[in-house]
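Following: one structure in C-alpha cells, then a few remarks.
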Amino acid sequence: MGRISGKAVLVTGGAMGMGKSHAELLAREGGHVFVTDRDVLAGKAVVARIIAAGGKAEFIAHDVTSESDWNNAIEMVRQKAGRLDVLVNNAGILILKPLHETSPEEFDRTFNVNVKGVYLGIRSAVPLMKESGNASIINISSIYGIIGAPMAGAYISSKGAVRLMTKSCAVDLAAFGIRVNSIHPGVIDTPMTNGLLYTDEATRQAVLGPTLLKRPSRPEEVSNAVLFLASDESSFVHGAEMVVDGGYTAN
Ligand code: NAP
C-alpha cells in the first residue's frame with residue numbers, strides 16, 4: 001500500500017481492460033487517479049468503484065486523438081490536483097488485417113489513436129509534468145512493437161513507433177526530471193483479445209503462440225509493471241522497454 005502516495009496520475013483508455021486495471025491498482029497504492037476514456041459510462045463506473053474502495057479518482061471524457069480534449073484533460077488535472085506526476089498512455093486500438101489489405105482510413109485510424117494519441121499526450125502533459133520535477137511517462141506499446149506477427153500490419157507499425165517515440169522522449173526529457181519508458185505486453189486477457197482467446201481452441205493456441213507460460217496474462221500482471229514505473233522504485237529506469245509477455249519473445 002502507498003507506493004505512489006501523493007502522486008497525481010492520468011491513465012488513458014481507463015474504462016476497461018488493462019487501463020481499468022492500471023487505474024485501480026494505482027489508486028489502491030495511493031495515487032490520485034484521473035481515469036480518461038471516450039466511453040463515459042464505463043469510465044465513470046471505474047471511478048465510482050475506486051472511490052467506493054476508499055481511493056481518490058476523477059473521470060474525464062477524453063478522446064486521445066483530439067488536441068482540445070487533451071488540453072481540457074490536463075487543465076482539469078491542474079485544477080483538481082495542481083500537479084501531474086505520472087502519465088500512462090494506454091488507449092489503443094487493434095485492426096486485424098495484414099498491411100497490404102489495410103485501407104488508408106484504417107491505417108489513419110490506427111495511427112491516430114496509437115501514435116498521435118501518445119504524441120498529443122506527451123505534448124500536452126509535459127509542461128505540467130516539468131513542474132513536478134520527478135515525473136514518469138509510461139507508454140503502452142506491445143511485443144508487436146518489437147517483433148512482427150501476421151494479420152496486424154498497421155497495429156504493429158504503430159506500436160513500433162511508440163517504442164522509438166519513447167526513446168526519443170527519454171533523450172529530450174531527462175533534463176526535466178521526467179523518465180520515459182515503454183511497456184510491451186504479450187497476450188493479455190482483455191476485451192481487445194476476448195474474440196481471439198475464447199472463440200475456439202485453435203485460434204486461442206495460435207494467438208498464444210510461443211508464450212512459454214502457456215496462458216494469457218491477467219491485466220493486473222501488466223499493471224504491476226506500470227506501478228513499478230510509476231513509483232520511485234524505478235528512479236533509474238529510463239528509456240527502457242519492459243517486456244511482460246510470459247516468455248513469448250524469449251525464444
Ligand atoms: P481494450 O480492452 O480494447 O481497452 C482499450 C480502452 O481504450 C477502451 O476503453 C477504449 O474505449 C479506449 N480507447 C480506444 N480508443 C480511444 C480513444 N481514441 N480515446 C480514448 N480512449 C480510447 O484494450 P486493452 O487490451 O486493455 O489494451 C490497452 C493497451 O494495451 C492498448 O494500447 C493495446 O494496444 C495494448 N496491448 C494490448 C494487448 C492485449 O493482448 N490485450 C497486448 C499488448 C498491448 P472504446 O471501447 O470506446 O474503444
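Order of listing sets the numbers, starting from 1, for every ligand and every atom in it. All of these numbers come straight from a predicted model, not from anything done at the bench. FYI, side chains are in, hydrogens and waters are out, and symmetry mates aren't considered; it's all heavy atoms of this structure.
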(message) Side chains of Ser223 and His22: any donor to acceptor distance under 3.5 Å?
(response) yes
Tracing side-chain contacts under 4.5 Å among Ile, Leu, Val, Met, Phe, Trp and Tyr outward from Val207 reaches Leu94, Leu96, Ile143, Tyr144, Ile146, Ile147, Tyr155, Ile156, Val187, Met192, Leu196, Leu197, Tyr198, Leu208, Val243, Tyr248
In Arg28, Glu29, His32, the residue satisfying side-chain contact (heavy atoms from CB on, under 4.5 Å) with Ile4 is Glu29
* Asked: Do any heavy atoms of Gly186 fall under 4.0 Å from ligand 1?
  -> yes
closest protein heavy atom to atom 41 (N) of ligand 1 is Thr190 OG1, 3.2 Å
Nearest non-hydrogen contact to atom 31 (C) of ligand 1 from the set Asp63, Ile140, Asn90, Asp69 belongs to Asn90
Closest to atom 21 (N) of ligand 1 (heavy atoms only, candidates Arg38, His184, Met18) is Arg38
heavy-atom search around atom 40 (O) of ligand 1 in the protein gives Ile188 N, 2.9 Å
Practice item. Using distance alone, decide if ligand 1 has a nitrogen or oxygen within less than 3.5 Å of any nitrogen or oxygen in Thr65. Key: no
Pairs of nitrogen or oxygen atoms closer than 3.5 Å, one from Ser142 and one from ligand 1: do any exist? no
Do any nitrogen or oxygen atoms of Ile143 come within less than 3.5 Å of a nitrogen or oxygen of ligand 1? no
So for His62 against ligand 1, with non-hydrogen atoms under 4.0 Å, the contacting part is backbone
Check for me whether Tyr144 has a heavy atom closer than 4.0 Å to any atom of ligand 1. no
Discussion item. Is there a polar contact between ligand 1 and Asp39, counting only N or O atoms under 3.5 Å apart?
Written reply: no
**Study point:** Any N or O of Val64 closer than 3.5 Å to N or O of ligand 1
**Key:** yes
- Looking only at distances, please establish whether an N/O atom of ligand 1 is found under 3.5 Å from an N/O atom of Pro185. no
